[in-house]
2 protein chains.
Amino acid sequence: METVTENQKVRTVKKLEKMFGHIDFKNPPELCPVRDVMSVASDQWSTLIVLWLGYFPVLRFNKLKKYVYGISNKVLSQRLKVLEADGYIERKAYPEVPIRVEYSLTDFGQSYVEKLLDLAEWMHDNSPKVLANREKYGLL
Amino acid sequence: METVTENQKVRTVKKLEKMFGHIDFKNPPELCPVRDVMSVASDQWSTLIVLWLGYFPVLRFNKLKKYVYGISNKVLSQRLKVLEADGYIERKAYPEVPIRVEYSLTDFGQSYVEKLLDLAEWMHDNSPKVLANREKYGLL
DNA sequence: AAACCAAGTATATAAATGGAAACTGTTACT
DNA sequence: AGTAACAGTTTCCATTTATATACTTGGTTT
């Protein structure tokens with residue numbers, strides 16, 4: 001459903017009050033942790049990586065690269081490092097030859113995927129509508 | 001709660017199957033609508049704009065600029081245009097002098113805010129944990 | 001012997017983005 | 001006359017970010 005009740009709106013405002021209510025605009029925090037954390041986790045490539053790891057419990061570098069199609073080696077490796085540093089994913093290296101490295105979600109990462117997936121699903125379901133809006137707007 | 005049950009995981013995989021199951025990796029779609037739509041709506045500045053419009057039903061340009069602190073005129077005006085084109089927000093210009101322009105969420109935008117807010121809340125609640133992870137990782 | 005795989009790294013180049021500051025145009029205030 | 005407010009737009013420049021390509025290291029396959 002797309003219709004939003006007044007009640008929902010009120011709850012939304014309450015939540016936003018919790019998040020934004022305390023900010024002092026005369027001295028805005030130069031580095032906001034939420035912005036910071038969000039900019040890592042909500043990055044275009046990172047979200048795809050995390051979602052694919054929600055789909056397959058374990059993935060190796062080259063598999064990931066195949067699924068997250070279009071990503072370059074460099075960016076994939078960068079993002080994996082950051083996602084590991086922030087605690088979303090785990091990297092297990094087996095000292096075989098050739099070396100095998102397995103990436104998987106941590107529990108924390110799994111809980112993130114749940115949230116992210118809600119959003120991604122919404123995007124999936126509503127992208128036709130957005131594209132239609134965009135088209136219409138372009139014609140005006 | 002951060003603990004994820006097996007049941008939840010199964011549901012997650014099912015949803016991801018719906019989203020990703022059909023992709024042909026021999027011929028990956030050159031432009032994926034979900035990626036496209038998501039890259040607009042999940043942009044760092046756009047999310048903040050939309051959230052603030054969820055907090056205050058109507059905001060004018062300079063108010064928005066104050067709340068979304070750190071954003072430049074150029075980027076704010078760009079993002080507002082794109083968000084309008086994609087159908088999230090509405091722009092009402094009153095031909096007064098000096099001109100008054102009011103931005104507000106559409107119903108569609110409001111339904112997006114609901115989803116986005118869930119994620120933002122999660123970020124808000126978990127950012128300390130992420131920051132702690134990051135710290136620990138840096139020390140290794 | 002040449003080629004290939006793994007999981008990246010390194011390098012060089014290209015592209016997108018972003019911010020600062022100045023400017024627009026009308027009106028009202030001092 | 002000067003200045004401020006509004007809602008942006010425009011220009012230039014710097015920084016960031018991304019991509020493609022080649023390379024690594026050791027062993028295994030052709």
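Naming: A, B, ... by sequence-line order, numbering from 1 per chain.
When rounded to the nearest whole Å, the span between OH of Tyr94(A) and C1' of dG8(C) equals 18 Å. In this structure, CG of Leu76(B) is placed 14 Å from P of dA20(C), rounded to the nearest angstrom. In this structure, the CD1 atom of Ile71(B) is 15 Å from the P atom of dA7(D), given to the nearest Å. In this structure, Ile99(B) places its CD1 atom 18 Å from P of dT24(C), rounding to the nearest Å. Rounded to a whole Å, the CG atom of Leu80(A) is 15 Å from the C1' atom of dA6(C). Atom C1' of nucleotide dT11(D) and atom CD of Gln78(B) are separated by 13 Å, given to the nearest angstrom. Note: CH2 (Trp45(A)) to P (dT16(D)) measures 21 Å, nearest angstrom. Between Asp43(A) atom CG and dT17(C) atom P the separation is 13 Å, expressed in whole Å.
In terms of phosphate contacts, Arg91(A) brings a side-chain nitrogen or oxygen within less than 4.0 Å of OP1 or OP2 of dG8(C).
Only Arg60(B), Phe61(B), Asn62(B), listed by number, bring a heavy atom of residues 54-66 of chain B to less than 4.0 angstrom from any atom of DNA chain D.
The aromatic ring centres of Phe56(B) and Tyr67(B) sit less than 6.0 Å apart.
Here the closest non-hydrogen pair linking Asp86(A) and Asn133(B) is O-ND2, 3.1 Å.
Residue contacts shown for Ser72(A) include a base, since a base heavy atom lies under 4.0 Å away. In this structure, Tyr103(A) reaches the sugar-phosphate backbone alone: every heavy-atom distance under 4.0 Å involves primed, P, OP1 or OP2 atoms, never a base.
For Tyr94(A), there are no ring-ring contact (aromatic ring centres under 6.0 Å, His included) partners, not counting sequence neighbours.
Taking the six-membered ring where the residue is Trp, Phe20(B) and Trp52(A) present parallel rings, their angle staying beneath 30° rather than reaching 60°. Taking the six-membered ring where the residue is Trp, Phe25(B) and Tyr69(A) present perpendicular rings, their angle passing 60° and hence far from 30°.
Considering only side-chain atoms of Arg79(B), the nucleotide from dG18(C), dA5(D), dG8(D) that sits closest is dG18(C). The nucleotide whose nearest atom lies closest to any side-chain atom of Ser77(A) is, among dA7(D), dT9(D), dG8(C), dG8(C).
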Problem set entry | Verdict with supporting geometry, Glu84(B) and Tyr137(A), side-chain hydrogen bond (donor to acceptor under 3.5 Å, both in side chains) | CA-CA 8 Å; Glu84(B) 191 194 356; Tyr137(A) 188 88; 3.3 Å; yes

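For a distance-only test at 3.5 Å, the side chain of Lys74(B) fails to qualify as a donor-acceptor partner of the base of dT10(D).
When atom types are taken as modelled, the side chain of Asn126(A) and the backbone of Trp122(A) share a donor-acceptor pair closer than 3.5 angstrom.
Of the two residues contacting DNA chain C, namely Lys81(A) and Val75(B), the nearest-nucleotide position lying further toward the 5' end is that of Lys81(A).
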